[in-house]
Protein chains: 2
Amino acid sequence: MSIPHRAPGGFPVVGIIGGGQLARMCVGPATELGLTLSVLAEDAHSSAALVIPSSPVGEHTDVEAVLAFARECDVVTFDHEHVPADVLQALVDDGIAVHPSPAALQHAQDKLVMRDALTAAGMPCPRWTAASTAEEVTAFAAQVGWPIVAKTPRGGYDGKGVLVAESVDDLDEWLVTAAGRGEPLLVEEAVPFVRELAVLIARSPSGQAAAWPVVETVQTDGICTEVIAPAPDLSEDTARTATLVGLDIAATLEVTGVMAVELFELADGRVLVNELAMRPHNSGHWSMDGAVTGQFEQHLRAVLDLPLGSPRPRARWTVMGNVLGGEHPDLYPTYRHLMARDPELKIHLYGKGVRPGRKIGHVNVCGDDLADLRERAQHAADYIQGVITQ
Amino acid sequence: MSIPHRAPGGFPVVGIIGGGQLARMCVGPATELGLTLSVLAEDAHSSAALVIPSSPVGEHTDVEAVLAFARECDVVTFDHEHVPADVLQALVDDGIAVHPSPAALQHAQDKLVMRDALTAAGMPCPRWTAASTAEEVTAFAAQVGWPIVAKTPRGGYDGKGVLVAESVDDLDEWLVTAAGRGEPLLVEEAVPFVRELAVLIARSPSGQAAAWPVVETVQTDGICTEVIAPAPDLSEDTARTATLVGLDIAATLEVTGVMAVELFELADGRVLVNELAMRPHNSGHWSMDGAVTGQFEQHLRAVLDLPLGSPRPRARWTVMGNVLGGEHPDLYPTYRHLMARDPELKIHLYGKGVRPGRKIGHVNVCGDDLADLRERAQHAADYIQGVITQ
């Protein structure tokens, strides 16, 4: 295991398990702050390994590899939430500082654990139950009405692991699979939301917390395609409630680092918690250009228990557009056109190979005219994907 | 020579000769744009080598090392201006794209070549001459009056290589040294300037150019300590003239990449060119947080002949304070205090060991209240240096 080179002056090494784009996007702020990053990467050409000198290759499920990696770091955090509980526990047992802690992280790893904890804490959730049988599903649907939303408690992302069921027959296969795994499904009412919001919180081990403005997230086929910061036409009451829900969850679960709470907004202005993520999150990418302190800098500050930076927005509006892979693998020539078309466009690419539908980057635009910003972000994302050709 | 890992998608490798902080600060924007950096570093722990995976160690004076390095890159640019002419020519002869070109770069390497070219182009300069003897100095001073300013044409920086002479006796030693080198001194009138300004230009091989707002630079003991963007109370006429001087110089000398022109502002609003730098420059560090496109992103775009980004300021004022090394080598504990005191402070550290007076970082603050911003930037710089203790 190679030893990361530290900057002189007492600066720490932040270890990140997983070499995806979230680890990659820590590079700019870590460089600015004099911090050294070390990444346990899936392979030598993963998104983060391309840009971080200390990127040993290892599996996040391999206790010995993770321990050897972590012992060269001052704090360990995560690019993803897939590190198994026994590996996390081995880190803690070894005396390694892990942020977020395994006790907090489990709420982002298992949606049933999350629903249990949030319900116990009085946080607003959709009606839900754990169901292992067709009878349990039917009984729940009798209370909340069809359709219902079934989720695998572990391992889902970007719409995977979620099924909207019109009848119990739709769940036949899922119930068999769940029984095979010996774990129930999470079954929730289908919430009649008017839109989706997200609140992003950073919290340090000392308990300092900071919240960015509540954003609107736009999903297409279960994948976030656009984020508007702040959420347009959001009532002050809903904004305050959503922010307090985020801060309450972070404090209750003792989250450290950045946490995203995905929310449903209802017609009456109430919010219900949809999902939690305990890491920098797609709904916060706007902050890289749109806030005084972006989420990746804030995450580094939080896991190191440094004072948090200001989450103040730097423009009236910031719009983030996700760039998905299309049919054209050659990204470099395409972005010349975008740079010429829009000199204010901020392009963020992840160094990943193009596969249709894969998140390979995002764009941010900031300004005063929301309709114009949305058009520009959408155009750039569509052009890189190849959905449009000019 | 190791081969830099490219991101998939046709992205180029930008080679930078020299592993100082200017190369280091390209890391954030290169990562965002999917570009790969490769640095020919002075040593394995140089500022840039700490954060760039491809950082072979080699001397910028070693033709073979520089050629081997450059052949793995799509374009070569510079962290400093010290690469000798024969090494630059070898790169060009080998068909390597070098930006800025050796023909342009010589104007930043040799102040006599610069004065000759700018005078020929009608750019406003102090009165100057090349002087090898006491007689030549005395004759020049008889025209412009004492004191005069003597400069070694090559190799000076941060006030080194500059001497204000009250009489010809002050230059005894310098004239002997210059005679030994076989090159004259550059001797200039001492300009009665009211303040120093700088204009930063980016220009691409296609000829596209962009200018950031003209800034005021504050020097202490010959070292830039503060930059205010834009320069306060600058007349529109002077701002326009300074910007046009910068654009004219960039076009006339066919500069590619970022170029800084340091200017003297006279009481009547005229400007005179003091120095040129053909690379990102201290006077542009404010743009990392204060402009839509920072100078390091713009330099990368320019040397790759990509369309340039908008240099529009993102705040009414941005103040940059240079952080100099002091007596305290442990920087990490000191910046906790600053983060707690000022959550909007943007800290940029260079990963360099502390030596008294050495530039080891800078801070930026953006906002509406200039006096407040100046106080905050100055406080942060002084606190890190250890000049103040709270």
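So that the names make sense, note that chain A is the first sequence line, chain B the second, and so on, each numbered from 1.
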Structural part of A:Glu297 lying under 4.5 Å from a heavy atom of chain B: side chain
In terms of heavy-atom contacts, does CZ of B:Arg336 have more than 12 from other residues, nucleotides or ligands at under 6.0 Å? yes
So for A:Arg312, is it side chain, backbone, both, or neither that comes closer than 4.5 Å to the heavy atoms of chain B? side chain
Only pairs of heavy atoms separated by less than 4.5 Å count here; which of A:Val354, A:Leu37, A:Asp289 has the most with chain B? A:Asp289
B:Leu50 and A:Phe11: CA distance, side-chain angles, deciding distance, side-chain contact (heavy atoms from CB on, under 4.5 Å) verdict: CA-CA 12 Å; B:Leu50 288 174; A:Phe11 290 90; over 6 Å; no
With only heavy atoms counted, which part of A:Leu33 is less than 4.5 Å from chain B, the side chain, the backbone, both or neither? both
Check each atom of B:Tyr335 against the heavy atoms of chain A and say whether the ones under 4.5 Å are side chain, backbone, both or neither. side chain
Contact leader toward chain A among B:Ile360, B:Thr31, B:Val27, where contacts are heavy-atom pairs under 4.5 Å: B:Thr31
With a 4.5 Å cut-off on side-chain heavy atoms, are A:Lys346 and B:Thr293 touching? yes
Among the options B:His337, B:Arg301, B:Met25, pick out the one with the most heavy-atom pairs lying under 4.5 Å from chain A. B:Arg301
Interchain contact, A:Val51 with chain B, by part (heavy-atom threshold 4.5 Å): both
Cut-off 4.5 Å, heavy atoms of chain A, and the answer for B:His5 is both
Here the pair of heavy atoms bringing B:Pro8 nearest to A:Gly351 is CD-O, 3.3 Å
If you tally heavy-atom pairs under 4.5 Å against chain A, which of B:Gly28, B:Ala49, B:Pro29, B:Pro12 wins? B:Pro12
Top of A:Gly34, A:Ala7, A:Ser310 for chain B proximity - count of heavy-atom pairs under 4.5 angstrom: A:Ser310
Counting only heavy atoms closer than 4.5 Å, note whether A:Leu35 contacts chain B via side chain, backbone, both or neither. side chain
Return yes when atom CZ of B:Arg374 has more than 12 non-hydrogen atoms of other residues, nucleotides or ligands closer than 6.0 Å, and no otherwise. no
From the list B:Thr36, B:Asp330, B:Asp342, B:Val292, the residue making the most non-hydrogen contacts under 4.5 Å with chain A is B:Val292
Quick check on B:Leu304 against chain A: is it the side chain, the backbone, both or neither that has a heavy atom closer than 4.5 Å? both
State the NE2-CZ distance between A:His45 and B:Arg6, to the nearest 0.5 angstrom. 11.5 Å
Is the number of heavy atoms from other residues, nucleotides or ligands within 6.0 Å of CZ (A:Arg314) greater than 12? yes
